[in-house]
Amino acid sequence: RTPFANNQIPANRISPIALRLLDKIPMPNVPGAPVGTINYEKPYVRSKRINQFDIKLTYQAAQNDNLSVRYSHQNAKTVDPGTFGVWGGVKDYSGSGTNPTYNMAINYNRVWSASLVQEVRIGRTSHHNVAITEAHGLNLADEIGVPGANLNAFTSGPPTININSYHNFLIGFENSLPWDRAERVWTMGTSATKLWGNHTLKVGGDVRISRHMLDQVTHPRGEFEYRPGTTASSADSRSQNGFANAMAAFMLDVPFSIERGIVNVSDVNAPLDQLHRGGRHKSVFTYVHDKWQLRPNITLDLGLRHEYYTPIVGFHDRDGMANYDPETNTLLVAGYGDIPANLGVKSYWLNFNPRTGISWRLNDSNVVRAGYGVSAEGGPSSSGQIYPVRQEQLIEGPNAFTSPGSLATGIPAPSFAPIPDNGILPATGPLLNQGFSNILTEARHFGRLHSWNVAYQRTLPGAFTAEVAYVGNRAEDDWSG
């Protein structure tokens, strides 16, 4: 590339959109600030208000029967103004959010005898967390001349301007805003404790029914990333790494990459008949545990836990999930033809996990403890959350010196490929710019976590206690999705 005369960009080459964006950034207001230091300050107030109440009723039905009912509610609202107002900038997480949370529980305790006690539990917890930017509902990308960014209320606001070595959010907001997250969990369980000689035996189980919603993607308004390469010389390493060339790339509107994520809903708090991203599954846990007083100074814990997880299905049975088959380069969309809602993922029944521990009191001043346990990993809740539930667009040039687009040309329209009746969609044509990941279709066995510890504790003079411990963890067959 041939440098501009006097290393100065001609006025007629400067992007008018870049000038409009720079006009949204205030001038420095810290007098005498040296170059490279903070030169702008803005006082602001970040507020968080929490309202909460709890109600609990207890009924002693009989000498051996106790019933309690509890209801709790909490609502938190946070407001955090943007550095440059509706244009965001610098402080990525800014805007407002609410998170009402509800919790209900019923507990019944029965004393069957002097050595046998049982507890029955039923509970429901739910929350709905919505966060939006300060520019929610404002089509600011359209206002400054960037087409294709503001498609609906969910994608409203300014695009993110990421200039390498300056700031990831020179203009714009956190790349995951807005979001609409919700979760509801029903829990039903029971446990029984039996005293038998020098043993304390406990058996129990839980059933959990979970549903979650996650309308959230990366850069819903689009991100334009500017790096030095698009204005640098391939023969000059200094220009390829200097921040001046990154700013020049912005002024000339030659981004290194353009990225955008899209959900199917049109806004936060969208009606449930719109296609939401999320999932549903059930879990069943059972266990047996024995606390054995082997000797007066030695206690041994022996336990076994079984964990079963049903395969995840989408928030909606139809269109809620999809699986990518790399062998045929096709998407298998749930709820069509012979494709079930869980994409054919099989259940896994062999999650048996031991739990054991020992406590040995050597004398009145010294104790040694050790333990080992295994837990099953249920698998990531984002399984199968690809097209049509969400889309990801990442547009890059053929090399670091070539720009794939500009603010002026905007973001390409999202791809909406029609899904055939059999649910098998070729990953070609309009879907070529999508990112896909396949999920497991064999029995659901995503991994186990092994944990162990050894500790020594000693009582010291002066009511002091010293302890030294070793804790270890190891993941087996871990799968991130």
Side-chain angles (χ1 to χ4, degrees), residues 97-103 123-132 136 151-155 174-187 207-220 260-284 309-324 331-336 339-345 347 377-392 414 416 419 423 425 434-441 444 446 479-481:
T98 57
N99 188 21
T101 303
Y102 306 88
N103 183 281
R124 181 186 186 274
T125 61
S126 64
H127 74 92
H128 187 190
N129 177 211
V130 174
I132 59 175
H136 192 76
L151 304 175
N152 48 37
F154 201 95
T155 60
E174 166 59 33
N175 52 22
S176 59
L177 287 171
W179 65 64
D180 191 344
R181 307 167 175 169
E183 185 173 15
R184 183 191 67 194
V185 180
W186 279 96
T187 303
V207 177
R208 300 179 188 178
I209 304 172
S210 304
R211 184 185 76 172
H212 74 276
M213 182 180 72
L214 181 60
D215 290 332
Q216 178 180 348
V217 286
T218 301
H219 295 301
R260 191 251 296 276
I262 302 173
V263 291
N264 247 285
V265 296
S266 57
D267 198 359
V268 296
N269 292 313
L272 292 182
D273 58 356
Q274 293 192 21
L275 182 58
H276 292 270
R277 178 186 175 195
R280 295 167 289 148
H281 77 281
K282 299 180 180 67
S283 309
V284 181
Y309 304 88
T310 63
I312 292 177
V313 299
F315 193 86
H316 306 273
D317 287 342
R318 188 178 177 93
D319 294 313
M321 295 178 66
N323 184 26
Y324 175 64
L331 287 183
L332 310 178
V333 184
Y336 289 83
I339 305 172
N342 64 7
L343 300 175
V345 176
S347 299
E377 296 182 355
S381 60
S382 59
S383 299
Q385 303 293 297
I386 54 179
Y387 186 86
V389 173
R390 65 182 172 100
Q391 295 190 44
E392 296 176 353
F416 294 103
I419 301 173
L425 183 63
Q434 298 295 309
F436 300 130
S437 60
N438 64 305
I439 69 167
L440 299 181
T441 55
R444 183 185 173 118
F446 293 127
W479 184 61
S480 61

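Predicted model, so just to flag it, every value in this text is computed and none were measured.
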Practice problem: Name all residues meeting the ring-ring contact (aromatic ring centres under 6.0 Å, His included) criterion together with Tyr336; count only those two or more places apart in sequence or in a different chain, and write none if there are none. | Solution: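 Partners of Tyr336 under the ring-ring contact (aromatic ring centres under 6.0 Å, His included) test: none.
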
Least distance between heavy atoms, [X] atom then [Y] atom:
X	Y	value
His281	Pro311	CB-O, 4.4 Å
His128	Asn269	CE1-OD1, 3.2 Å
Arg260	Pro220	CG-O, 3.7 Å
Ala153	His136	O-CE1, 3.2 Å
Val268	Trp179	CG1-O, 3.9 Å

Practice problem: Tell me, please, which residues at least two apart from Glu174 pass side-chain contact (heavy atoms from CB on, under 4.5 Å). | Solution: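 For Glu174 the side-chain contact (heavy atoms from CB on, under 4.5 Å) partners, ignoring immediate neighbours, are Asp92, Tyr93, Phe169, Ser176, Leu177.
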
Nearest-0.5 Å distance, [atom1] of residue [X] to [atom2] of residue [Y]:
X	Y	atom1	atom2	answer
Ile339	Arg318	CD1	CZ	10.5 Å
Phe154	Asp267	CZ	CG	8.0 Å
Glu392	Ile262	CD	CD1	10.5 Å
Ile312	His212	CD1	NE2	6.5 Å
Arg211	Trp186	CZ	CH2	12.0 Å
Glu183	Thr101	CD	OG1	10.5 Å

Any donor-acceptor N/O pair, [X] side chain to [Y] backbone, under 3.5 Å:
X	Y	value
Thr310	Lys282	yes
Gln216	Arg181	no
Asn129	Thr98	yes
His276	Gly314	no

Quiz prompt | Result of checking Leu272, Leu214, Asp215 against Phe315 for side chain to side chain contact (heavy atoms under 4.5 Å, CB included) | solution =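 So, applying the side chain to side chain contact (heavy atoms under 4.5 Å, CB included) to Phe315 and each of Leu272, Leu214, Asp215, only Leu272 qualifies.
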
Quiz item: Should Asn264 and Val389 be marked as a side-chain contact (heavy atoms from CB on, under 4.5 Å) after you check the CA-CA gap, both sets of side-chain angles, and the distance that decides it?
Solution: CA-CA 6 Å; Asn264 247 285; Val389 173; 5.6 Å; no

Practice problem: Could I get the full list of salt bridge (Lys or Arg N to Asp or Glu O under 4.0 Å) partners for Arg280, not counting sequence neighbours? | Solution: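 Partners of Arg280 under the salt bridge (Lys or Arg N to Asp or Glu O under 4.0 Å) test: Asp317.
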
Practice problem: Answer yes or no: is there a side-chain heavy-atom contact under 4.5 Å between Val333 and Pro388? | Solution: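 They are in side-chain contact.
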
Quiz item: Quick one: are Met213 and Asp180 in side-chain contact, heavy atoms under 4.5 Å?
Solution: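 Yes - at least one pair of side-chain heavy atoms lies under 4.5 Å apart.
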
